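Chain A is the first sequence line, chain B the second, and so forth, proteins listed ahead of strands; every chain is numbered from 1. In this text the structure is predicted, and so the values were computed from the model without any measurement.
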Amino acid sequence: MSTSPVTAAPLDPVALRADFPILGEQVNGHRLVYLDSAATSQKPTAVLDAERAFLTHANSAVHRGAHTLAAEATDLFEDARAAVAGFVGAAPQQLVWTSGATMGLNLVAYAIGNASVGRGAPASARLALAPGDEIVTTAIEHHANLIPWQELAARTGAVLRHIPARDDGTLDLDAAATLISPRTRIVAFTHVSNVLGIVNPVAELIALAQQVGAVTVMDACQSAPHLPLDLPGLGVDLAVFSAHKMVGPYGVGGLYGRTDVLEALPPFLTGGSMITTVTLDSAEYLPPPQRFEAGTQPVGPAIGFAAAVRYLDAVGLENIHAHEGMLAARMAEGLRDIPGIRLLGDAAGVERVGLWSFDVDGVHAHDAGQLLDARGIAVRVGHHCAAPLHSRYGITASVRASAALYNTVDDVDEFLDAVRGIRPYFGVE
Amino acid sequence: MSTSPVTAAPLDPVALRADFPILGEQVNGHRLVYLDSAATSQKPTAVLDAERAFLTHANSAVHRGAHTLAAEATDLFEDARAAVAGFVGAAPQQLVWTSGATMGLNLVAYAIGNASVGRGAPASARLALAPGDEIVTTAIEHHANLIPWQELAARTGAVLRHIPARDDGTLDLDAAATLISPRTRIVAFTHVSNVLGIVNPVAELIALAQQVGAVTVMDACQSAPHLPLDLPGLGVDLAVFSAHKMVGPYGVGGLYGRTDVLEALPPFLTGGSMITTVTLDSAEYLPPPQRFEAGTQPVGPAIGFAAAVRYLDAVGLENIHAHEGMLAARMAEGLRDIPGIRLLGDAAGVERVGLWSFDVDGVHAHDAGQLLDARGIAVRVGHHCAAPLHSRYGITASVRASAALYNTVDDVDEFLDAVRGIRPYFGVE
Amino acid sequence: MNDLDALYRELILDHSKNPQHFGLAAEGEHSGTSYQKNPVCGDEITLRATVDGETITDVSWEGRGCSISQASASMLADLVVADGLDRPAARELVDGFREALRSRGTIELDEDTFGDAAALSGVSKFSARVKCAMLAWVALEDALAKAS
Amino acid sequence: MNDLDALYRELILDHSKNPQHFGLAAEGEHSGTSYQKNPVCGDEITLRATVDGETITDVSWEGRGCSISQASASMLADLVVADGLDRPAARELVDGFREALRSRGTIELDEDTFGDAAALSGVSKFSARVKCAMLAWVALEDALAKAS
Ligand SMILES: Cc1ncc(COP(=O)(O)O)c(C=O)c1O
Ligand SMILES: Cc1ncc(COP(=O)(O)O)c(C=O)c1O
């Protein structure tokens, strides 16, 4: 795919906005211009309705009861799993429910930690880490795909290494080829950085990892809502995403796993509904995905999540990608023309999602964001849970505008107009 | 408190039922008689409305944005924390959001595991386990309060011991006094067993644990929806509960912690929003409760949870307890009169919540449950995630009927009538 | 006949009270044994199949569980042993049974092929009970795979 | 004046561009130092207070952050040093400031007590910015607790 192609049939965001009641709200006397979807997306009525319909007509404990309501709830819950799995090209049993991407990444890190202290089945030994083994991540990760690996390294004696990024925000694949070595056991990387918006060369990273037999872990938080995904086709071993960034509910996410990898992974959370036999002193565990789903699952949110992926599918991921690419291009053009604005990760010729982070010379991000907010424009300010990446650019915070399928050209133009006013307002020439 | 006291003003379940639309459903041609609330409760319209109102008017990333919507969402989210904390008598900063009770118990077990391998602050060392240290739980626990301790014991070399139960379902406190010794570092127990319904002598267990300086962990899943709780007053160190059993949403729960214990506990899940400083190689962590809340929290469910505890408070926990006690007494009387029924945990003179599990001589629990289901009566059959307790009674499965505030005397009477028909239907005399 | 009575036909209650081929036969050189468990209710079955080349010469089992799971095991053993099925036929039988049970009441098991087990047709309307009825059939599949 | 202009009064922008008492004084026997950070945006401040018994003799600070956090630190240092406050007075000052900032616009800071910092009244309507304005004040509290 090329940069911001408008190959697919254009999507009509104005029509879609009717599905998102919150977008009709007024903020500070202005219409809401919501450009913070990378933090959390808004949710269409179809998602809210699906969850409510479940809770008012079929709610009951799943996988535990034999009564009619429980059977109905179980069927709906498993249909939801199939829908979300299908959305990323996977089979239902390859999709583990999590409470979100952060939990999904911790699940993987802790399960590997458990394998490293001899827990799990004989097959789990292949995932065990020993002192001196290496975990490779990148310099542009969200804290959720960084700190769990720091902690795993600290617990196992493994060494954590980072693929560096270039000034333009692209990953240095040459350095990656050197860093990823036979000592490498895990390669963890984000598909799209939540600060830079660049689609990373994940196929290349997976190929490098496969050459040395390392397990690959992909953070798909910022790609799943915006690009068509085929995770089995990509060949990644494990990948995570969060419903709340995908026009879905809070409290649920997905962990995709290759069948053999999931089967080798020891349990993480333990408790009810993930066991076959339990005595007072030991337990045996179910196969995936149930092995990783201890306790009552987020049933309502899962039903809503299925409605969300159906909604995205109905709009069409190609259409969404094209529309957001168009908005991103318009944003970038506008921002580049404004004096004192520095775009983070302004690499040429790369595929992108619809987000840009930037620094305003002489004005702190918090102050810049405040000015936009006064005009009803919601953007995010701060380090966006990617502090090391900001340090690399010599700043502690930036402003981030992130678009979704429901944003319009007007949204972008109002945003640009407001950004033009930032330095003048604060008397920075 | 005495056994099933009807001291408080009686509650009118018929009036309350109007708040729970699902209770108006027909199942197999009969009105739904929902007696499976110990698995998951039904949710009143007020809870659904609260979540929807949030999602359609204020939804936005909490604790991360500076824009107006984000500030509003953060305020509502923290108000929800204060409401849920207040419900168990705690201060807001003593309440950690979890995805449910199972996750809460795993959080505690893994955080102690982390302390045991030297993670956390210097204060964390007091929580570390060494080989030979003992973890004491009971023989009547839900798998969620058993397997995490088995796994923690296996990872640390600690020894897991179990306080036995008597045939009548009561815990053997004499045995507990012997088992809990200076080697004991953790005492984990349920407030109310989800199979037996007996309110355990938790104050006595806490006193025994305090004498030897052990940390106490209480599973309040089956008490929080049914009894007034004052966790700080009880003196327990840590306690967990799940919203979905408390007329609240799926996907959220609470971990209460004494301030000094939470402060000593190292992080469990790591990622965004729980850190102060992050470099590529290490991270520093926020104080509780944020230290334990990595990543996007279940914001919508938390808002719904607050509405749920407000609902329970408006009805009054004393009223609920009295009403459910009355239903439980009526159930027990009826069941004891039916030939071939054996009640599990039929101890005299103990305080109870509104649930009973029983065995039907000559009829498997699945078959018994099926017969009830054909009459629209939803009960649970199986081992209810307490397999060792069932083994102790020489069975693999039982039938459980569990009541909530919205159940009526008619519900109980229809249930009893159906139970009377079980053995005749299957030709067992 | 209402759904419940269709689920608990007389024949099913009979088999569950007088299970056929109950009690494991001695392990032989050409036998395979499978242990299956329903984690929700703890129901379990151990089934042993003995083969002579492609022919199944014996099926026996032991276990405890609900009337559906017990009757299903009894009926299956009866059927395989009485008809002296070979492996491919047994595999086809299991596939056909699984398909009917998952059909939510749209496929009836025919008596010519399934014998007494045809009485289990009613189970397919009760999705929570499909696992109970399948337990023995999954065990047979597994036992045959292990038998050489 | 709209809320935004009330937040960013001239005086605030002036202080943030010309921060007073910026640059940490040398550590002394009777000084206490506090490092505070806003984890969301990474803003940070290091503040040092020197005491002579109950009297605060000096306040200096360093840091980076938004105009609110910088102006607030500058104004606080000015206020404490110019008025030669003692510890109890400083503690009272911080409490009063915190109360007003958390009041969601219902309590105004008076100029007699808070000097230039009274210009920060507008912050209390922006709950997400209260932390920014509080940063230096929390640091002063902490630094005084450490100074002996
Ligand atoms: C006593 C008890 N503990 C723990 C749990 C686990 O709660 P959850 O499934 O909400 O995590 C349950 C409910 O299943 C329970 O009844
Ligand atoms: C790239 C990336 N990874 C991980 C996360 C964490 O997701 P969540 O907060 O839903 O767990 C986020 C979002 O905050 C993200 O943008």
Rounded to the nearest 0.5 Å, how far apart are [atom1] of [X] and [atom2] of [Y]?
{"X": "L55(A)", "Y": "K43(B)", "atom1": "CG", "atom2": "NZ", "value": "6.5 Å"}
{"X": "S60(A)", "Y": "L32(B)", "atom1": "OG", "atom2": "CG", "value": "8.5 Å"}
{"X": "N106(A)", "Y": "L269(B)", "atom1": "CG", "atom2": "CG", "value": "4.5 Å"}
{"X": "M103(A)", "Y": "M103(B)", "atom1": "CE", "atom2": "CE", "value": "6.5 Å"}
{"X": "D36(A)", "Y": "N59(B)", "atom1": "CG", "atom2": "CG", "value": "10.0 Å"}
{"X": "F77(A)", "Y": "Y250(B)", "atom1": "CZ", "atom2": "OH", "value": "9.5 Å"}

Can you tell which part of [X] gets under 4.5 Å to a heavy atom of chain A, answering side chain, backbone, both or neither?
{"X": "V27(B)", "answer": "side chain"}
{"X": "T396(B)", "answer": "neither"}
{"X": "E25(B)", "answer": "side chain"}
{"X": "P148(B)", "answer": "both"}

Contact part of [X] toward chain B, heavy-atom cut-off under 4.5 Å: side chain, backbone, both or neither?
{"X": "V278(A)", "value": "both"}
{"X": "A58(A)", "value": "backbone"}
{"X": "E51(A)", "value": "side chain"}
{"X": "D49(A)", "value": "both"}
{"X": "Q150(A)", "value": "side chain"}
{"X": "S116(A)", "value": "neither"}
{"X": "H57(A)", "value": "both"}

For this session: Keeping the roles fixed (side chain from D373(A), backbone from T68(B)), state whether a donor-acceptor pair exists under 3.5 Å.
Result: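 Looks like yes, one N/O pair under 3.5 Å.
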
So which atom in [X] and which in [Y] form the shortest heavy-atom distance, rounded to 0.1 Å?
{"X": "I147(A)", "Y": "I275(B)", "value": "CD1-CG2, 3.4 Å"}
{"X": "T102(A)", "Y": "G295(B)", "value": "OG1-CA, 3.4 Å"}
{"X": "S273(B)", "Y": "C385(A)", "value": "N-SG, 4.1 Å"}
{"X": "L146(A)", "Y": "L280(B)", "value": "CD1-O, 3.6 Å"}

Among [options], which residue forms the greatest number of heavy-atom pairs with chain B at distances under 4.5 Å?
{"options": "P21(A), A387(A), S242(A)", "result": "P21(A)"}
{"options": "L69(A), L107(A), T137(A)", "result": "L69(A)"}
{"options": "L372(A), V117(A), L160(A), T279(A)", "result": "T279(A)"}
{"options": "M274(A), R155(A), R119(A)", "result": "R119(A)"}
{"options": "L389(A), N28(A), T277(A), T45(A)", "result": "N28(A)"}

For this session: Sort out for me which of S391(B), P388(B), A144(B) touches chain A most, counting heavy-atom pairs under 4.5 Å.
Result: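 Highest number of pairs under 4.5 Å: P388(B).
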
For this session: Would you mind checking if D281(B) and R161(A) are paired as a salt bridge, meaning a charged N to carboxylate O distance below 4.0 Å?
Result: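 Between D281(B) and R161(A) there is no salt bridge, as every charged N stays at least 4.0 Å from the carboxylate O atoms.
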
Exercise. Using a distance-only test with no angle check, is there a side-chain donor-acceptor pair under 3.5 angstrom linking Y110(B) and N114(A)?
Worked result: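 Short answer, yes.
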
